[in-house]
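Each remark here refers to the structure printed beneath this line.
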2 protein chains.
Amino acid sequence: MINFDNNHPTCEHCTFSPFCTIEEKNSRWMSQINRAVKQHYHLKKNEVLYLPQNTFRNIYAIQRGNLKTYQVDADGNELIRGFYFSGEVLGFEAIYTRHYLFSAVALSDSVICEIPYDNFLELLHLSPPLQKHILYLMSQQLNVGSYLFSITAEQRLAAFLIDLSYRLNPSEMQTTFLLPMSRQDIGNYLRLTAETISRLLSQFKENKIIAIDHKKIEFLQLEQLKLIADMNDGRCKI
Amino acid sequence: MINFDNNHPTCEHCTFSPFCTIEEKNSRWMSQINRAVKQHYHLKKNEVLYLPQNTFRNIYAIQRGNLKTYQVDADGNELIRGFYFSGEVLGFEAIYTRHYLFSAVALSDSVICEIPYDNFLELLHLSPPLQKHILYLMSQQLNVGSYLFSITAEQRLAAFLIDLSYRLNPSEMQTTFLLPMSRQDIGNYLRLTAETISRLLSQFKENKIIAIDHKKIEFLQLEQLKLIADMNDGRCKI
DNA sequence: CGCCGTATTGAGCGCTCTCAAGCTAGGTGG
DNA sequence: CCACCTAGCTTGAGAGCGCTCAATACGGCG
């Protein structure tokens with residue numbers, strides 16, 4: 001059964017925690033919650049959470065683990081649309097179409113909370129603070145991956161790494177962490193090739209901006225990295 | 001004063017119309033609405049609706065006209081983040097940060113409905129169908145501009161033109177319409193140069209896929225255009 | 001009519017892709 | 001324990017798409 005304790009370590013940094021641990025902890029509310037958060041899935045690496053064309057019925061909060069979402073086009077090419085980490089929420093994009101648009105698969109062993117959308121709507125109505133919080137989360141998702149608008153490969157990768165460091169550990173920014181995905185997946189997401197990612201990581205390493213050894217990465221000059229991320233190549237002058 | 005008549009021509013295709021013309025038309029509801037939709041702005045071409053760093057207080061529905069949102073980076077380069085047309089809603093991206101992230105300016109003379117966010121939240125709580133509708137709209141915005149993920153310039157422009165034709169006239173897809181923005185703005189939005197846009201439009205015209213004369217564009221082979229938009233260049237085979 | 005912003009078209013260049021060849025780490029089986 | 005195998009990563013050389021720079025044409029507006 002689900003542990004709704006406020007101090008449950010795996011819920012501590014979940015962006016959905018107001019949903020599960022909201023202040024009014026009376027029995028009626030808890031029974032509502034128990035109806036809302038239906039079950040936990042345990043996914044092993046490469047296992048599927050949902051597939052495109054599946055009817056949209058639930059949104060999902062990641063209690064622990066990492067996932068990616070992707071489309072497959074007519075030619076069979078995979079296009080990664082997002083990465084999701086502990087405490088983040090998947091499925092909002094499917095409210096609109098009533099079916100999922102992407103495939104969602106685990107990048108590592110993961111635990112997922114399933115929340116049926118109908119229960120979700122009902123709870124939102126019962127709790128204005130929760131309603132406000134959900135609009136906040138969706139607004140946040142509107143701005144995720146804004147660095148994909150950057151032009152050069154260097155900018156996009158630098159911004160991606162910084163974003164990753166924040167999202168992997170929401171409580172405090174980490175300068176050392178493990179990349180949860182392959183070079184191939186990073187490249188696919190940033191619309192670059194794995195070779196370009198590999199070359200750029202080597203270049204950053206060469207310039208002592210990062211240290212990198214396989215999946216383990218460390219920021220040596222965070223400010224320099226931020227500079228690269230914000231840096232513009234001089235196009236589009238007003 | 002605002003005309004809340006259901007048949008008001010300018011509200012007919014507004015995605016926000018449930019907000020203003022929702023079924024329960026009792027006096028209490030109308031007074032709520034009157035408090036919610038605060039006023040209408042009349043913007044002339046190039047006039048500003050909001051600026052980055054302005055405190056977020058309102059969301060805006062476009063009653064008539066076209067707007068663009070953009071960022072300006074440290075080097076003074078403009079980066080267009082979105083186009084918005086009659087009946088669409090701006091400002092959701094600012095809920096999260098409590099201040100606007102972009103500049104919003106009119107591409108043509110426009111009329112805008114201003115809805116204070118606090119009133120908006122209150123109304124959502126009063127009307128579950130409205131709450132559901134807003135989640136629908138925000139979910140929709142999560143998927144806007146997905147063609148920016150396409151790789152080739154040809155793909156991106158073709159998908160942009162198709163998207164435009166739907167959004168300029170939500171009730172029925174138009175094969176002939178006027179481009180509301182410059183080549184420069186299209187290029188900026190698609191992360192291409194104005195020269196590339198110009199060359200591609202000429203190429204589509206050469207291939208009899210579209211007819212184009214200045215701002216006036218006509219789809220001659222819509223299916224072919226859709227094929228180009230979906231077409232992949234063969235990268236990222238699984 | 002003359003001005004100026006916008007659009008078109010051309011020539012050359014550079015960034016990123018493609019293709020290809022090694023390399024490394026981790027897993028498997030003998 | 002080691003030989004092998006495979007997937008992922010690195011690195012190099014060449015090609016191509018879209019950018020840069022530049023010249024010209026067009027059109028709206030005073």
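In what follows, chains are A, B, ... by sequence order, proteins preceding strands, each numbered from 1.
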Completion exercise
B:N46 CG to D:dG28 P, in whole Å, measures 17 Å
Practice task
For C:dC17, take OP1 and OP2 only and decide whether either is under 4.0 Å from a side-chain N or O of A:T193.
Solution key: yes
Problem - Shortest non-hydrogen contact between A:E47 and A:H42, atoms and distance - result: OE1-O, 3.9 Å
Handout entry: Residues from residues 194-208 of chain A lying under 4.0 Å of DNA chain D - heavy atoms
Key = A:E195, A:S198, A:R199, A:S202
Problem - Donor-acceptor side-chain pairing of A:Y96 and B:N143 below 3.5 angstrom - result: no
Handout entry: B:H214 vs D:dG27: side-chain N/O to OP1/OP2 distance below 4.0 Å
Key = yes
Problem - Separation of atom CD in A:Q184 from atom P in C:dC17, rounded to whole Å - result: 11 Å
Exercise for the section: Answer yes or no: does atom NZ of A:K216 have more than 12 heavy-atom neighbours from other residues, nucleotides or ligands under 6.0 Å? Expected result: no
Exercise for the section: Could you work out which one of C:dT8, C:dT16, D:dG18 sits closest to the side chain of A:T152? Expected result: C:dT16
Practice task
Provide the full list of ring-ring contact (aromatic ring centres under 6.0 Å, His included) pairs with a residue in residues 183-206 of chain B, sequence neighbours left out, each pair given once.
Solution key: B:F83-B:Y189, B:F160-B:Y189
Exercise for the section: Figure out the CD1/P separation between A:I212 and C:dT24, and round it to whole Å. Expected result: 16 Å
Exercise for the section: Would you name the heavy atoms of A:P52 and A:S103 that are closest together and state the gap between them? Expected result: CD-OG, 2.9 Å
Exercise for the section: Using atom CG of A:L157 as one end and atom C1' of D:dC9 as the other, report the distance to the nearest whole Å. Expected result: 15 Å
Handout entry: Residue-phosphate contact under 4.0 Å: B:K215 side-chain N/O, C:dA7 OP1/OP2
Key = yes
Handout entry: Nearest-angstrom distance from the residue atom CE of B:M181 to P of C:dT6
Key = 15 Å
Practice task
For ring pair (Phe, Tyr, Trp, His ring centres under 6.0 Å), just list the numbers for A:F85 and A:Y166, CA-CA rounded to whole Å, side-chain angles, deciding distance to a tenth of an Å, and then say yes or no.
Solution key: CA-CA 11 Å; A:F85 308 111; A:Y166 280 108; over 10 Å; no
Practice task
Using whole Å, report how far NZ of A:K45 lies from P of C:dG27.
Solution key: 10 Å
Exercise for the section: Could you check how far NZ of A:K216 sits from P of C:dG26, rounded to whole Å? Expected result: 14 Å
Exercise for the section: Specify the separation, in whole Å, of atom CZ of A:R183 and atom P of D:dG8. Expected result: 12 Å
Handout entry: Closest approach of B:I59 to B:G91 (non-hydrogen atoms, all atoms of both residues)
Key = CG2-C, 4.1 Å
